[in-house]
Structure formats: structure tokens, C-alpha cells
Amino acid sequence: MAISDVQFFQGWKQVLGMCNLKPGEQVTILTSDDSNPQIASMARLAASDIGAVVSVLNLAPMNGEKAISRDKSGYIGKTPLEGNSAALACLKASDMVIDTIQLLFSKEQEEVLKTGARMLLAVEPPEVMMRMIPTPEDKARVLAAAKKIGAAKKMTVTSAAGTDFSCDIGQYPVLTQYGLADEPGRWDHWPSCFAATWPNEEGAEGTIVIDEGDILLPFKMYAREPVTVTIEKGVIRDIKGGFDAEFMRKFMESFNDPRAYAMAHVGWGLHTRAHWTVLGLYNPEAQLGMDARSFAGNFLWSSGPNTEAGGDRDVPCHLDIPLRNCSVSLDGEAMTRNGEVVNADQR
Ligand SMILES: [Fe+2]
């Protein structure tokens, strides 16, 4: 069901309030030709109603001729900020940027964040955003998980389907996503709720089995049969199985870039109002899949870039793969068991 403007305006006011937006702050709403107009307009009205000084910056879309779909998570290339020093200056001079075009993984985004501007990505359908509107409890669960990740040296993941994977951690920062850009220099995505980090370089080993019903993003497909992924020294060496394995291999090969096979962020979902089923209810192009990435107890692993963690692997191929029914441990302490969050502070 659609969300009314009144409801969405109130939702934006609530979220911007929780992002500590204050009267007089400079807010830039970044839009492009394919932005959701209700997101951009209600964000603008809500920020204005709080008393912020609001600008809307509209930039041309990019990468259409290179990407093989319209999903912006399926091709992470250059952004329209590259070479646009005027637009970049506008964002850098802002206290808060509301991104409706998805700058994620770009070096320009990192530059903007370094100035202290906070950035909130908002691209999911409004009804998904409203169902998963961030709460203080969501944030508390993510911070509790982040504290555990930050203190750990090793992440281990097992499942009855055959996953037996471990990685050394600590080289890269902890990624927290709880839907609020509430501190200077913080990036977040409304809606979102998970904690993760990146394996140390060459520090990931083992087998990950994508079981029937697990989710392959950005394809937005539920796996129909098991896919066995072999990881050695932080790199995917083999992808075995039926159609889903072949699809995954061919997609990755299409980028013709060996960096696509590096392991990227690993962590688990903590959103109690996100659902495994939602992906099956939408036209694939209608959403990014934040339910899939966030549902509580998933093991969310990924491949490709590490620029978000401060690394230099800016490969445009990025897969996010949330698995059900896994058990994730940190230095031997259970965080999830068979797909359920078991750590008391994260429930
Ligand atoms: Fe990702």
C-alpha cells in the first residue's frame, strides 16, 4: 500500500529529528532523473519545517550504458560528482546530505563525509521506509553488535547446509547501519539495521553454502538449489552448483575484473521489522532489497569493493548475499544460532 504524503512527511520529521537536524543547518537533497519524487519532496518539506536551510541538487544519471540493469547496487561505477566541482563543493558545504541517487562506494562520498557532513541514503519505496522507520532500540542492537565485532579477532560461520567459514577481523573498521545519520561525518541508509566488518586481507577461508531460499543480491533472486562457494586467502576461488551458481559466475565474469572475487563485508542482520519474504512480493526493480539485507539473524556476506571501509578496491561488481539458518560466532561466542540472534543485547 502507498504511504500518504502526510504520513511520510511526519516520518521524515521523526527521522530527521533523530538525525539531530537543527534549525539553520544546511541540508542538500541530492536528486536525479530517477529519484522517487515523494522521497525528495517530503524530505524537503520536513527539513524545511524543522527550520533547516534546504537546497535541492539535481544531477544527471550515470552508468546507464555500462550497467546491465537499472539496479544501482548492481553496478557501482563513477558518480555524476566526478569532475563536477561545483556540485561537490555544495555537498561539502552542507551539514547534512539526503541522497536519493545512491552515491554509495564512491570516493566523492568519502570526501563529503570527511568534511563532517552527515549523509542519509533514501531510495527504498516509502512504505518500506515507514515500516522500518529507525528506532532507538534498533540503534542499540546495532551498537551492541558493533561493540562485539570491534573487540573480536575472528568471525566463524557454520550452517547445517554446509557453510564452514572463518575470517580474521580487525584490520578494517566496523560498519554500523541503523538508519540514522546522527553524527558529523556519519553515513547511513534509511531503512537498514545490521553490523558488519571486512575480513583482514587474505584472512578469509572456507566454504559458504548458499542454500535453497537464501537471497542473491543484486539479482533479487531466491536461490533454488544450493551453491557452494569456496574461499581461499580472502578470494572466491570456486562457485559450484546448478543454475544459480552459473548465473552468479556469469554475472561476476561480465565485469572482467579479478577484484570482483574478493570477500567484502561480513556481518548479520538485526532488524525485527524486516522480512525474508518481502523480496518475493515486489517487482525486482521497485526496491533495493533492504529487508533482505537487514532481517534479524541473517548472515550477510558480500564480495567486491572495500572503499567504504577505507580500502582502495573500487571494483564495480558487488554482491550482497543474506543467508538464513547460519550460526555466527565471534572468538567462539555465539551471536546468532541457526538464523536466530542469540546475544542478549542484540535481541
Ligand atoms: Fe553490500
Does [X] pair with [Y] as a salt bridge, N-O distance under 4.0 Å?
{"X": "Glu111", "Y": "Lys92", "result": "yes"}
{"X": "Lys250", "Y": "Glu253", "result": "yes"}
{"X": "Glu340", "Y": "Arg324", "result": "no"}
{"X": "Asp345", "Y": "Arg141", "result": "no"}
{"X": "Asp138", "Y": "Arg273", "result": "yes"}
{"X": "Asp331", "Y": "Lys153", "result": "no"}

Interatomic distance, [X] atom [atom1] to [Y] atom [atom2] [nearest 0.5 angstrom]:
{"X": "Glu110", "Y": "Lys107", "atom1": "CD", "atom2": "NZ", "value": "11.5 Å"}
{"X": "Lys148", "Y": "Asn343", "atom1": "NZ", "atom2": "CG", "value": "5.0 Å"}
{"X": "Gln177", "Y": "Leu270", "atom1": "CD", "atom2": "CG", "value": "11.5 Å"}
{"X": "Leu216", "Y": "Asp244", "atom1": "CG", "atom2": "CG", "value": "6.0 Å"}
{"X": "Ile239", "Y": "Met248", "atom1": "CD1", "atom2": "CE", "value": "4.0 Å"}
{"X": "Ile29", "Y": "Met96", "atom1": "CD1", "atom2": "CE", "value": "9.5 Å"}

Check whether the ring centres of [X] and [Y] lie less than 6.0 Å apart, and answer yes or no.
{"X": "Trp190", "Y": "Trp12", "answer": "yes"}
{"X": "Trp276", "Y": "Tyr222", "answer": "yes"}
{"X": "Phe247", "Y": "Phe251", "answer": "no"}

Quick one, Glu137 with Arg347, criterion salt bridge (charged side-chain N to carboxylate O under 4.0 Å, His left out). Give me CA distance, side-chain angles, the key distance, then yes/no.
CA-CA 9 Å; Glu137 292 76 24; Arg347 286 167 66 88; over 6 Å; no
For Asp312, I'd like to know if atom CG has over 12 heavy atoms of other residues, nucleotides or ligands within 6.0 Å.
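12 or below, so no.
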Give a yes or no on whether Lys147 atom NZ has more than 12 heavy-atom contacts from other residues, nucleotides or ligands under 6.0 Å away.
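Incorrect, the count does not exceed 12.
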With a 3.5 Å distance limit and no angle check, can you tell me whether [X] reaches the backbone of [Y] through a side-chain donor-acceptor pair?
{"X": "Thr100", "Y": "Ala122", "result": "no"}
{"X": "Arg186", "Y": "Leu180", "result": "yes"}
{"X": "Asp99", "Y": "Gln102", "result": "yes"}

Donor-acceptor pair between [X] and [Y] side chains, under 3.5 angstrom:
{"X": "His271", "Y": "Asp291", "answer": "no"}
{"X": "Thr156", "Y": "Ser166", "answer": "no"}
{"X": "Thr31", "Y": "Asn58", "answer": "yes"}
{"X": "Gln346", "Y": "Trp268", "answer": "yes"}

Set of side chain to side chain contact (heavy atoms under 4.5 Å, CB included) partners for Glu25, sequence neighbours left out:
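With neighbours one apart ignored, the set is Leu21, Lys22, Asp95, Arg118.
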On the six-membered ring of Phe299, is Arg293 placed so that its NZ or CZ lies under 6.0 angstrom from the centre and within 45° of the ring axis?
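So Arg293 doesn't make the cation-pi contact.
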Candidate pair Tyr261 and Asp257, rule side-chain hydrogen bond (donor to acceptor under 3.5 Å, both in side chains), full reasoning
CA-CA 8 Å; Tyr261 297 91; Asp257 188 334; over 6 Å; no
Ile50 and Ser48, any side-chain heavy atoms less than 4.5 Å apart
no
